[in-house]
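Remarks on the structure that follows.
The model shown is predicted, which means the values in this text are computed figures rather than measured ones.
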Amino acid sequence: MLKRVILVDDSKTILATAEMALEEMIGKGIIEFKTYLNPIELLDNLLAGTEEYDLLISDINMAQMNGLDLCEQLKSHSKFKNKPILILTTESSSEIKTNGKAIGVTGWLVKPFSNDKLIKAIKMVLGL
Amino acid sequence: MQKVLVVDDLDSNRLSLVLSLEKIDGIEIYEAKDGLEALELCIRKKMNLIFMDIMMPNLDGFETTKYIKQLSPDAMIIALSALDDEMAKNKMLSLGAEDYLTKPIDPTLISLRIEHYLNIIAFRSQRDVSNKQTVINPFNKQIFSKKIIYTIENKNSLGEFWDDCLNTASVITDISDVVRLIYGLGLWLLKNNFRFDIYIESNNDFTYITLLHQRTLRHTIVKNLIYKHFPWLNYFFNTQVLSFKLKNISMETETIEGEKPSIKSTFSSLTAKEYIEMTPINFLSKIDQLDMINDKIDLAILEFERNPGCPSIQNVCNELKTYTKILAQLMEFEHLGYALEMLIVFLLEIEEKQFNDETIRKTETILLSIAYDLASWRENIFIKQSAIDIHYLDASLLSSCMQLEAIFEPESGKEDENEIEFF
């Protein structure tokens, strides 16, 4: 079954770049890929049951909501607590990573990212 | 008026010197009978020229010189030494005295000497920083005439650069970071048989250290290195030079050892509402200008889509430059402007032959996205005032610009193990 990957980042550039990096995987039907500019919209849709994911990739510093807050809310929800989350961020301090780990994120990818690294990270998490 | 201080515990010595000084116009004369009194005076008033006896009660000339040089590095101290006291004289010079007069002082010669000292002091405060013809750094043409050049041909010359910069008393902020970075890059260049020059230029406020690499350093590798390990550095990088702009430390601003700002923490976290409240209304009128320029950027990018190539990219850059000029007038958004400036530098370096169907498509997509992000940012900060941190786009935009650069530069092949971490 097709794995559904959602990327949430308030930068359209990041969404566009990630989509370009995953063109081949999407084209070959390895993953479904959906992007969100607004984390609040994503959270609303997830809680309403109109959206779901096999892997969530999230930025941290977003205009409307901190990505770690988003992750914390999802990890405290029974439907999402075992779903993997990758953080894609410019933040690399050990303090923030520790916070992320405590919340239960699966991995940390630092921007700017290379296409290969993004693909590798997704494949490793989803076991592809 | 230049302030001149005479420090000597013997009244007669002070009087003799003061009488010579009184013949000179345009100076204020002060006296102190020992080092302690001199120090107290120097704390209250900035002295330009100090005649310092050596053997004095309470605080001798050595200690007083040391303290005063810390207080006022620019103050000129002239040691007053006894005829046969060579050791004391040399010690004073090593502590920061710039010349010495041997007692008893010849009154016929002293006036001329004093005039020379005062001329040098006057020159010190008015060093020529007019535009220079041959300037290496890309930041500022207004620099001093003095330029230091290191021609790096081997590890010894690189070591000399390191030693000169780091083992002398430095009044330059962040110099150790820059020196270590250039040293590391220099080792790589030497290993690959590239010879290069390092220039050090300066003016009153800044020092510029420039490595002339002539297309030998890889763009994305260097930028990633700086971005990840030295994000606080102000730098310029193109195919010819890697140049750093460093602030000279003044007495008013101290750097606190161990505290290095990052792009994320240079400015305190502010919500959009807080920012709007503290910003004068006339600043906020710039927002409409940003909106207009955003539209022009969009049009320029669409023109690039219709006629891809260097001329249309130049148009995009012209509009981005206007955008950065307006950004510079708003408080707090220095890093955003800096990210755009880096983007402009990169775009202008793209060669016509690098444009093909794929790079054109991807460039257009990313540029349109960057324009969208800027419009969104404007809306989140100034219109909706909904951003929880006004700097949310700073680091992200810089990394977005680097994603664009990666389109034109092949993968380095060297894995950066720090990029993915699994918990």
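- The aromatic rings of F382(B) and Y275(B) sit perpendicular, their planes meeting at an angle over 60°, well past the 30° parallel limit.
- Contact of the N380(B) side chain with the D10(A) side chain is not registered, since no non-hydrogen atoms from C-beta on lie closer than 4.5 Å.
- Surrounding NZ of K296(B) are at most 12 heavy atoms belonging to other residues, nucleotides or ligands under 6.0 Å away.
- Residues of residues 17-40 of chain A lying under 4.5 angstrom from chain B, judged on non-hydrogen atoms, are T17(A), M20(A), E23(A), L37(A) by number.
- For chain B, the option among V105(A), T106(A), V125(A) with the highest count of heavy-atom pairs below 4.5 Å is T106(A).
- Salt bridge present: E303(B) and R306(B) bring a charged side-chain N and a carboxylate O closer than 4.0 Å.
- Summarising the geometry, atom OG1 belonging to T363(B) is positioned 5.0 Å from atom CZ belonging to F304(B); distances are rounded to the nearest 0.5 Å.
- With a 4.5 angstrom heavy-atom cutoff, S386(B) touches chain A only via backbone atoms.
- Contact between K3(A) and L126(A) at its shortest, heavy atoms only, is CB-CD1, 3.8 Å.
- By the 6.0 Å contact criterion, CD on E41(A) is enclosed, its count of non-hydrogen atoms from other residues, nucleotides or ligands being greater than 12.
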